[in-house]
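Quick notes on the structure that follows.
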Amino acid sequence: MNATNTPNAPQVRGPQQPPAADVPRTGPPVESDLQIAGDILAVQHLLQPPREHPATVAEFAGLARSIAGDRSQWEHLVEYDATTRWYHRLRTGPGYEVWLLSWVPGQGSGAHDHGPSSGVLTVLEGELTEHTDRGPRTLAAGSQRVFAPGYAHEVVNDALDGAVSLHVYFPGLTEMPRREGARAAAHACSPADRSAVSA
């Protein structure tokens, strides 16, 4: 017989634990918020009802992503026009509107802002270039830009293929004041342009 199996051998134990509380345990140990609070979906009165229309910037961006992801809502409507920019109002709601625009190669918006409207620009197909006072930015399909009132930019299709974009404005677009070209402004003080430098 081995010394550790003998009845008289000392037993090695870990540190002494304090005695358990006198409160009896009636179920499994609580390990998660779900076990503490219960299933939130089972408590309908705690859920906020879904909004019929977006009301926050994040919800407007989500609306644009949702439309972008469902080609059946817009693909059949797209037309390309080489003589003028094509656009189609896709949807309106209280305090907002959604526009679909197509861009043939070389077409641009001209430098502008959106008056008192904020917006979300989402590229659905192709590639667009956004020009701002910070320089050009390429927007590929899936790119999204969110902007506040007074944000000035110029959007151009510099690519060799057509492009399609989705624009959500809140409140709905009531004006689009023209601005001095973002590209022109960026080059106005270039050392190579001596006429713009006062002597």
Side-chain angles (χ1 to χ4, degrees), residues 49-188:
R51 293 182 200 249
E52 182 178 352
H53 298 285
T56 66
V57 173
E59 290 172 345
F60 284 111
L63 171 65
R65 282 191 304 274
S66 172
I67 294 171
D70 183 1
R71 296 178 73 87
S72 69
Q73 290 189 50
W74 56 268
E75 187 174 42
H76 65 284
L77 299 170
V78 176
E79 297 177 19
Y80 291 94
D81 188 337
T83 60
T84 186
R85 283 182 37 228
W86 176 89
Y87 50 91
H88 172 79
R89 186 166 34 206
L90 191 61
R91 182 185 299 180
T92 60
Y96 73 95
E97 56 189 12
V98 181
W99 290 87
L100 185 64
L101 282 74
S102 70
W103 310 76
V104 298
Q107 278 183 336
S109 65
H112 65 280
D113 69 40
H114 306 92
S117 298
S118 295
V120 178
L121 159 66
T122 305
V123 179
L124 302 177
E125 287 182 352
E127 186 176 281
L128 295 171
T129 304
E130 179 187 40
H131 297 273
T132 68
D133 59 353
R134 293 183 175 190
R137 175 183 295 205
T138 300
L139 305 172
S143 296
Q144 193 168 61
R145 299 283 289 142
V146 176
F147 51 87
Y151 178 76
H153 66 167
E154 179 177 11
V155 179
V156 180
N157 182 355
D158 287 330
L160 298 176
D161 294 315
V164 180
S165 58
L166 185 78
H167 304 249
V168 180
Y169 299 108
F170 46 99
L173 196 60
T174 58
E175 59 183 277
M176 212 169 95
R178 295 289 171 193
R179 294 283 192 100
E180 179 182 329
R183 287 186 281 185
H187 298 294

What closest approach, in Å, do G172 and S117 show between heavy atoms, and which atom pair accounts for it? O-OG, 3.3 Å
Show the atom names and distances, to 0.1 Å, of all donor-acceptor pairs under 3.5 Å that link a side chain in residues 119-128 to residues at least two apart or in another chain.
residue, atom, partner, partner atom, Å
T122, OG1, Q144, NE2, 2.9
E125, OE2, R71, NH2, 2.3

side-chain hydrogen bond (donor to acceptor under 3.5 Å, both in side chains) partners for S72, two or more places apart: D70
What are the two closest heavy atoms between P149 and P116, and how far apart are they? CG-O, 3.5 Å
Is it true that a side-chain atom of D158 and a backbone atom of T129 form a donor plus acceptor pair closer than 3.5 Å? no
Note: N157 and A163 closest approach over all heavy atoms is ND2-N, 3.7 Å
I'd like to check the side-chain hydrogen bond (donor to acceptor under 3.5 Å, both in side chains) partners of S102; sequence neighbours left out, ordered by chain and number. none
Tightest non-hydrogen contact, residues S118 and A148, listed as OG-CA, 3.8 Å
Are the aromatic rings of H153 and H131 close, with centres under 6.0 Å apart? no
Looking at L101, V155, L100, L139, which hits side-chain contact (heavy atoms from CB on, under 4.5 Å) with S165? L101
In terms of the angle between their ring planes, are H112 and H114 parallel, tilted or perpendicular, with boundaries placed at 30° and 60°? perpendicular
Could you tell me if the side chain of F147 sits less than 4.5 Å from the side chain of D113, heavy atoms only? no
Partner residues of Y96 under the ring-ring contact (aromatic ring centres under 6.0 Å, His included) criterion, sequence neighbours left out: H53, F60
With a 3.5 Å cut-off and sequence neighbours excluded, list the donor-acceptor pairs that the side chains of residues 86-94 form with protein atoms.
residue, atom, partner, partner atom, Å
R89, NH1, E97, OE1, 3.1
R91, NH2, Q73, OE1, 2.9

Residues passing the side-chain hydrogen bond (donor to acceptor under 3.5 Å, both in side chains) test with D161, sequence neighbours excluded, are none
